[in-house]
Structure formats: C-alpha cells, structure tokens
Amino acid sequence: MIKKHRLSRRTFLRGAIAGGTVALALPTLEAMLPHGSALAKDSVSKPFFGVFYWANGLPWHAGHGGEQAGSGGQDVWTPAQQGDNYTPSLLLEPLARHKVNVATGLTPHTEIPSQPPGQSDGHMRGFMVALTGDRPRSEGFQHSAHALTALRPSLDQYVARHPLFYGTQEKPRFRSLEVGVSQARFHEYGHWNAISYNGPDSLNLPLLQPTQLYDRLFGAVQTDTLDMQRRAKLLDAVLEDARDLKRRLGQDDQRRVDAHLEHLRAMQDRLNADTMRCVQPSRPSDSGDLLQKTEVMAQLVATAVACDLTRVFSFMLTSPASTHVFNNLGVPDGMHKTCHDGHWERVRDIQRYQMQAFAKFLDAFDMISPTGERLIERGCIFATSEYGEGWKHSVSELPALLAGGANGRLKQGVHTREPGGNFSKVHLTALTALGLQETSFGFNGGQTTETISGFLR
Amino acid sequence: MPRLTNTQYINALTELFGPGLPGFTLEPDTNPYLFFSIGASTTQLSSYGVERYAESAYEVSRLVFADAARRDALIGCAIAEPTCTSDFIARLGRRLYRRPLTPQELERWVTSAAELTTPEDPHSGLALVVAGMLQSPHFIYRVQLGQPDPDDPSRQRYTSWEMADRLSALLWDSIPDEALLDAAARDELVDDERLRAHVERMLEDPRARQSIQAFFAQDLDLKRLDDVQRDPALYPGFKPELVEDMRTEARLLVDDIAVDSSGELNGVALDDATQLGLILVEDERLPSCMVKQLYHHANSRIMGRAERAALDDLELEFALSGYRFKALLIALALSPGFRTVALPPAAGVEP
C-alpha cells in the first residue's frame, strides 16, 4: 500500500446541506501519483471514455415536428452559428467554460420492425439508439408494459471491450465504472434502471451513493495483503464450482455462468494485483442534492481515472423517462409527467439545471496532470439523452455532445448541424477520437461510415 | 436457470446463520417484466453484483466466526475431530446447494479448508470456506436440470431436490428447510399425494404469508408508492403518512383475501371502496389474469403460448375452490406446468 501523505494541496468541496456538510478531499493528480512512476508516465498518454446521460431530452420546438411547432416553444438548444467557438444557446451556457462540441439535428436511422408493435416509441427507441447504436431487441419487447432489452452493448462497454482500447498490457483495476445520482425511476425494472449494458438482459446498474463508489474504489480490504491472497486462493475453488456447473448447462445458461466466471476471475485478478497506486481521498458523505452529489461522484470518478483505476465510465444523472421531482425549481410533479403535460417552461428550466450538472461533472476533470495538462484533455466524454423531446416523444433532434480533447484528436468548442443526420455519426466520431480504427458504426439500418469531421483533428 | 432473488438470498442466510446479520448491499434485483423472479432467470450479474456477493459472504462469515458460541453451534462438532470439517461442509453444502454435495465438491472444499487454515486460528480455513460456498454459483443460482418424465417422454420432470428448491422459492421466498430436503432425499416430491402434503405444510408456515404479500406487491407494483411525492403548497391534502397508509391498506387487504382466505378474490365486497379495493373489484379479469401472473412468477420466466395451455386447468380449479388463493397455489404446485418442462422438439420435427 502506497501511503504517501505528501499532499500539500487539497481542496475540499463543501456545501451546507441541511445543517451538514459534504466533504471530499480533492488531491491534485500530481500529488496523488507516485512521482516518476510508470503509472505517471504511461497513464497520461492513455485516453479515457465516458458517457453522461440525462433524461427526457430537450424542450420541444419546430424541429421536433409540426405539432411541436404549433406549441410556440422556441429552440433554446441549438447554437445560432455553426463551426468553431460558437456562441452557446440558453441551455448550453452552463457548459461554455468547457467548450463542448455539440452536434444538432441528428436522429436515429435504425429500422422499426412492425412486430411486436410499439417499437417506434421515442423513449425506448431513442435511448437504445443513443446508447447502443441499435434498435431495441424485438424478442420480448412489450410496448404496453415498457418491457425491453438492448440488442448489444452500450457504447461504454463497446469501448471497454474493444481489443485496441485496453490492449493486452496491464489493465486497470476496473474495466469500467457505472455511476448515477437520481434514484427516481419510471419503472423499477430492467433497462429503466441503467444506461450501461453488456448485451441483452445484462445491465451494469449504476452505483448511486458516493460511499458505495468510494468503498468500491478504495475499500478497506485492499489494505490487508495476506487477506487478499487468501481470498484469491479461495476463489480457485469457487471458480472450479462454476466451471463444473457450466459444463452441465444449456447454451443460454452457459452464457450467464460465463459472465459470472469472467467477473470472478476479474475479482481474483484485483486481489492478486498490486495494491492501490495512489493516495486515497477522504470518504465522502451521501447527502446532498442532485448538483452536490454530481460534484462528489464526479470527483471520485475523475480520481479513479487519474489513478488509472479505470479508463471507462458511465454516469446516469437521471434515468430514462425519469420521474425525478425537481421541486428545487418549483416543479411539483415528476419530470416524465411534466413533459407529458406540456409544461415547456418547466422542462426548459429542468434541462438547464441538468446542463449545470454536466458542467459540474466536467469541472472534476479539470485537475492538472504531471505533464501540466488538464485531465480532460486525455478524455472523450459523450453526453446524450433519450429522445429529442418528451412532450410527444419525438426522436428528431436527439441531443449529442462530445467533451474533452481525446489526446489531441478532438477539437473543442465546435457546433455542427445536420438535420435528419444519422445519430451514429457521433458514436463513430467518439470511437475514432479514441483511436479505435473503426470504419463504421450503427446497426439494423443505423449504420454509418461517416464521422462528424468538424469535431476531429 | 433462475438466480436467488435478493429476498431469497437474505432469507436463506438468515435461516442458516440466524438473525442479526449485517444489512447486505447487493446489486438490486431487476427484471424485464413484472417479477424479480423472472429477471433472476434472464438477467446476468454485473461485475459489481459478483463483488457484492463476495463482500456479503465475507461479512456473514466474519460475524459468525467472531462469536465462538455461534460458530460452534453452526459447526456442530469439535474441529479437532477427524471428520468434523468434512461433516460440517457436507451438512452446510446440502442446505446451500439444495442437494448433497458431490464427492468432488466435498473434497474441493475440505481441501480448501485445510489449505487456508492459518497456524494462529484453527477455524480460519472453515470461515473462508463458508464465505466461498456462499459465493458458489451452485448456491447463487437455482440449478434445474430435470430427469426424464416416466409419464410423458416429451417432457422432462424436475427431480425431488429441484422440486424442494422450486417450492421453497415460490412459497417461502427462501431455500428448503431440513424437512423438505429430507423429503427430497426420500424422493417424495415427485409423488402427487406426498407433494400435496408438503405444500399444505408450507402454506401454514408464516413464511408463506410473506411470500404471498411479496407476490401481490410486485403484481400491483406497490413499489411505486416509494416515489409518491407532492409539493405541499399545491397539494395541501397530501401528507407523507398517506403513503404508508396506502401501503398498510394494501397489505391488510391481501392478508384478508389471499392469506387468511376469509374472502374470495372474485367479486370481493369491501365496506369502503379503497383504491386497491377498486382495482380488485372492478377488474373482472382479475382471477384469470392473476393465474397467468402467478404462473409466470412460479416458473421464473414468461411462459409461451403452448405452455400456457395448462392454465385452463388451473383457472378451473381456482374457480372451483371459490377463488381461494391458497387453493390456487396448491393446484399450481401440483400442475404439470410447474413440475415438468417440455423437451425441445427433435431436429427436423415440426413443433
């Protein structure tokens, strides 16, 4: 265990919350890393990838369809100019300091099978395309029950499992992290709980409490080397049990046990691996509102990336079709109902607030690396939602943002617009920025070979 | 192959190791549709989910082995005795895996206990083995492989061991007790009359009440009550206690009409037309719908059209019973659709 208590600078995030305090030590990357170590030299060159998700799209306007045009709602998302250094719109103002790239006008191009009916539903089609580049799986789809599953991995898992991303060299302790904040759910089941998928019926549910994430990253067990070795040895027997079982099962169940085996082996690798390679921050509190918890969680995620504990993450600010009540904004009902009831101004206020949260999230990646560059310069963070707007569930104008420099591959502060363009162009742009050498992305009618060239250097 | 739901997992550990266990932070149950039992048979565990099982296992083991009296009561013999370790692992294994351990499994865990014991603590190896067996997929998953059905070559019959697991999951949301495992060892749970006797015994157990409550809570999606919030300025009549009142009302109603059997599920007359009461009274499809839902739940998966043919018989028995929910559970447990599964058609044969 490396315990170098030589942090000369610490900043503490503090906010008065119901008489209490949220506190999280924020060590600079330079102080956290063993000076001159291989980690410090290597990790700065490795890109990271993240997904940031917010619920219920944007306030509706004419770009979403004729009925929306008649509602009188203005487009408060699309910047007036295209190209570099665009002037942010009302909703993008909170993000101005981060110079995020924004692609407007994009929409899903995936096919919509006629059976079972309802697969055009904006919620379900929208968030599947935004996150996976594919439509929902038809098998088992039930519109009335809102039952659905993904056909393939979400983009974060696609990246995390891509042979060129982690490669064959030593991998971080966690292939990916899944984190969220709001606990409100449209349904308590299935894909309404998560934005990270390994494939059909295989969710990576987000950790929703800072202490949960902290314990996973910096848990006490990692301090006892002997205990870790004995646990690792014990897993030999558990793995043998699992392999015995797998041999007796049919294909579907074998896949489930395979996934279980993979996770057991990863856990064993973590137990056998070196102990923590950077100084731990102090344990955070679980209290706070949406913005405060976003700050705390983002700091932990950024610390994990800085310490090379992972290089892939997803962050679900609010869940798909969220019922979160933004009563701090004077909105009395859950967000999903607020959209359905057509309260344009309330939806505008909520989405501006969610962009403030994204800005807070990006703030955490502003820490300075040993080479003097900001951590965000290594990363590519893709932010999206589930459809264009929530009043009529139009998937037109599905929002897409790309933040970060991707080790110099991504420009910053660019707006491009392509009404009706294939949404998967932004996926392929992110993959290209990460250096994954993909020539196409998107599935079942959603394929594209085009990137958003204005975003790439 | 279902996985234990979180409720089943926690109930199992409480039965095996006694009350006072730490609060477990497991990966939340999820499901694609309706019931956690269905999600448990289709969804895959995430990396974090596997880690949480590991941490829970170590927490339980630490707690039990830190208390010498509790530890010795669990082990049931002096560890210095030559067969104590083996006897204990075999006994614990039968409860955890819901069947006897194979000779290879027994040897594997006995060897692990010996290898992991430290000089300072003779129980340290066993403590780790308990944590290991709690992480085994044989405990976490409900393995159901079946055997040829002597009455129908087109179907596979669940073994008595598997029936013990199926019954305890459905009726108790837990693992089988020793009596049910003993019955399985005598191969009684493939016999109509003896199976009925065990089901009736299980329905009289307080665990059945909890399990029935859990079924209705999921069927009626009562979890959504957790998210009921209203701005008091706009809804002055709304009080937080109202949510708890709604929950209590639902629980009492289910107890009344489904557990205590003082009423019928069809056309139940309520003195005060409550929200849940209205749902039950006004939904004329309720008995038929409930049979279908229970059938999906009991089998931990969405049943196909052909499989649902068995529902006609269940619905008839339900009606004949006066729409008594416990009678429906007995009929279900005895039905071919719960005790057997159709074999896939041979290659080249039209279904």
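Labels below follow one simple rule: chain letters A, B, ... track the order of the sequence lines, proteins then strands, and each chain is numbered from 1. These numbers come from the heavy atoms of this one structure, side chains and all, not from hydrogens, waters or symmetry mates.
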Is B:Glu115 in contact with chain A via its backbone, its side chain, both, or neither, using a 4.5 Å heavy-atom distance?
side chain
Which answer fits A:Leu177, side chain, backbone, both or neither, if we ask what part of it has an atom under 4.5 Å from a heavy atom of chain B?
neither
Can a donor-acceptor pair be found between the side chains of B:Tyr141 and A:His260 at a distance below 3.5 Å?
yes
Do A:Asp241 and B:Tyr97 meet the criterion of a side-chain donor-acceptor pair at a distance under 3.5 Å?
yes
Less than 3.5 Å apart, any donor N or O on the side chain of B:Ser47 or A:Arg216 sitting next to an acceptor on the other?
yes
Heavy atoms, side chains only, cut-off 4.5 Å: are A:Leu235 and B:Gln135 in contact?
yes
Non-hydrogen side-chain atoms of A:His263 and B:Glu51 separated by less than 4.5 Å:
no
A:Asp236 portion near chain B, given a 4.5 angstrom heavy-atom threshold
neither
Below 4.0 angstrom, N of the basic side chain to O of the carboxylate: do B:Glu55 and A:Arg231 qualify?
yes
Of A:Asn198, A:Thr149, A:Leu245, the largest count of non-hydrogen pairs under 4.5 angstrom with chain B goes to A:Leu245
So do B:Tyr48 and A:Asn204 actually touch side chain to side chain, heavy atoms under 4.5 Å?
no
B:Leu116 portion near chain A, given a 4.5 angstrom heavy-atom threshold:
both
Mind running side chain to side chain contact (heavy atoms under 4.5 Å, CB included) on B:Tyr58 and A:Asp227 for me, showing each step along the way?
CA-CA 11 Å; B:Tyr58 289 118; A:Asp227 187 45; over 6 Å; no
Measure A:Ala242 against the heavy atoms of chain B and call it side chain, backbone, both or neither at under 4.5 Å.
both
Heavy-atom side-chain proximity of A:Lys246 to B:Pro137 below 4.5 angstrom
no
Just so I know, are the side chains of A:Leu203 and B:Gln44 near enough to count as touching, which here means a heavy-atom distance under 4.5 Å?
no
Answer with side chain, backbone, both or neither: which region of A:Leu207 has an atom nearer than 4.5 Å to a non-hydrogen atom of chain B?
side chain
Reported CG-to-OG1 distance for the pair A:Leu226 and B:Thr118, which is rounded to 0.5 angstrom
8.0 Å
Counting heavy-atom pairs closer than 4.5 Å to chain B, which one of A:Met267, A:Arg230, A:Arg255, A:Glu262 comes out on top?
A:Arg230
What part of A:Asn327 gets within 4.5 angstrom of chain B, counting heavy atoms only: side chain, backbone, both, or neither?
side chain
Contact part of B:Thr25 toward chain A, heavy-atom cut-off under 4.5 Å: side chain, backbone, both or neither?
side chain
Do B:Pro28 and A:Leu205 come within less than 4.5 Å of each other through their side chains, counting heavy atoms only?
yes
Greater than 12 external heavy atoms within 6.0 Å of B:Gln147's CD
yes
Euclidean distance, A:Asp201 CG relative to B:Thr42 OG1, rounded to 0.5 Å:
4.5 Å
4.5 Å side-chain heavy-atom contact, A:Arg256 and B:Arg3
yes
I'd like to know which of A:Pro332, A:Ala259, A:Ala237, A:Ser176 tops the heavy-atom pair count under 4.5 Å against chain B.
A:Ala237
If you define the side chain from C-beta out and look only at heavy atoms, does anything of B:Tyr53 sit under 4.5 Å from A:Leu264?
no
